[in-house]
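Structure first, commentary second.
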Amino acid sequence: MTPPPAPRLLLSLRDGTPVLLRMFTPADRAAVQEAFRRLSLDSHYYRFWTQHRDLPDSLLTRFLNPEPGLHETWAVLDPALPDEPGQGGGSFWRLEEELAG
């Protein structure tokens, strides 16, 4: 069974630049690894508290396997270059204790 397509939003930045916002999926594994490799050592440190050039497999797997409402990871892509690693990304993890209240 084929998984459903990841949610996608085509948006425009304030200056009119179009961007594609979409959730990461397991199919994005190579692109996320490549984007991580392209970060500077300072970016590695300030974002992930490490200066390793490769994203640990355990963290990569967490990024690529969202749990709606608990954990999601989104990418910002150039719609004209959909195969490039992207222009940015973000994720959130919600603590399960927050759901109980």
Side-chain angles (χ1 to χ4, degrees):
M1 183 170 150
T2 303
R8 313 166 80 81
L9 298 167
L10 187 57
L11 305 170
S12 295
L13 301 179
R14 287 184 186 162
D15 68 357
T17 302
V19 294
L20 175 65
L21 182 67
R22 73 167 177 80
M23 287 181 99
F24 283 130
T25 69
D28 295 312
R29 189 171 208 83
V32 172
Q33 239 346 336
E34 178 59 24
F36 187 82
R37 278 190 210 103
R38 291 182 184 191
L39 293 173
S40 70
L41 289 177
D42 284 344
S43 290
H44 281 241
Y45 181 75
Y46 290 114
R47 292 184 177 136
F48 301 100
W49 302 288
T50 181
Q51 290 187 332
H52 296 290
R53 280 290 182 200
D54 292 314
L55 189 60
D57 194 57
S58 60
L59 187 54
L60 181 58
T61 297
R62 287 185 71 192
F63 281 151
L64 300 177
N65 293 286
E67 298 174 67
L70 290 176
H71 165 245
E72 295 181 11
T73 305
W74 290 76
V76 179
L77 306 169
D78 180 340
L81 302 169
D83 295 326
E84 286 295 311
Q87 298 171 324
S91 64
F92 73 86
W93 278 271
R94 188 170 177 188
L95 297 175
E96 292 203 33
E97 303 88 63
E98 293 179 355
L99 299 175

**Prompt:** Nearest heavy-atom pair of Trp74 and Phe24: which atoms, and what distance?
**Reply:** O-CE1, 3.9 Å

**Message:** As an exercise, state the distance from CD of Gln87 to CG of Leu81, rounded to the nearest 0.5 Å.
**Reply:** 8.0 Å

**Asked** Is Phe36 linked to Leu41 within one hydrophobic cluster, defined over Ile, Leu, Val, Met, Phe, Trp and Tyr using a side-chain heavy-atom separation of less than 4.5 Å?
**Response** no

**Asked** Can you hop from Leu59 to Val32 via hydrophobic side chains spaced under 4.5 Å?
**Response** yes

**Item:** Connected via hydrophobic side-chain network under 4.5 Å: Leu9 and Val76
**Value:** yes

**Message:** How close do Leu64 and Thr25 get, counting heavy atoms only, and between which atoms?
**Reply:** CD2-O, 3.4 Å

**Message:** Counting C-beta onward and ignoring hydrogens, is there a side-chain heavy-atom pair between Asp28 and Arg22 closer than 4.5 Å?
**Reply:** yes

**Request:** Over all heavy atoms of both residues, which pair between Ser91 and Phe63 is shortest? Give the atoms and the distance, please.
**Result:** OG-CE2, 3.8 Å

**Message:** Between Asp57 and Arg29, is there a side-chain heavy-atom distance shorter than 4.5 Å?
**Reply:** yes

**Message:** For a quick check under 3.5 Å, do Asp15 and Thr17 share a side-chain donor-acceptor pair by atom type?
**Reply:** yes

**Item:** Nearest non-hydrogen partners of Asp78 and Ala80, listed with the distance
**Value:** OD1-N, 2.8 Å

**Prompt:** Is atom CZ of Phe92 surrounded by more than 12 heavy atoms (other residues, nucleotides or ligands) closer than 6.0 Å?
**Reply:** yes

**Request:** Please answer: with hydrophobic residues joined when any side-chain heavy atoms are less than 4.5 Å apart, are Leu13 and Leu20 in the same cluster?
**Result:** no

**Asked** So, for Val19 and Pro79, which heavy atoms are closest and what is the spacing to 0.1 Å?
**Response** CA-CD, 3.8 Å

**Prompt:** Transitively linked via ILVMFWY side-chain contacts under 4.5 Å: Met23 with Leu11?
**Reply:** yes

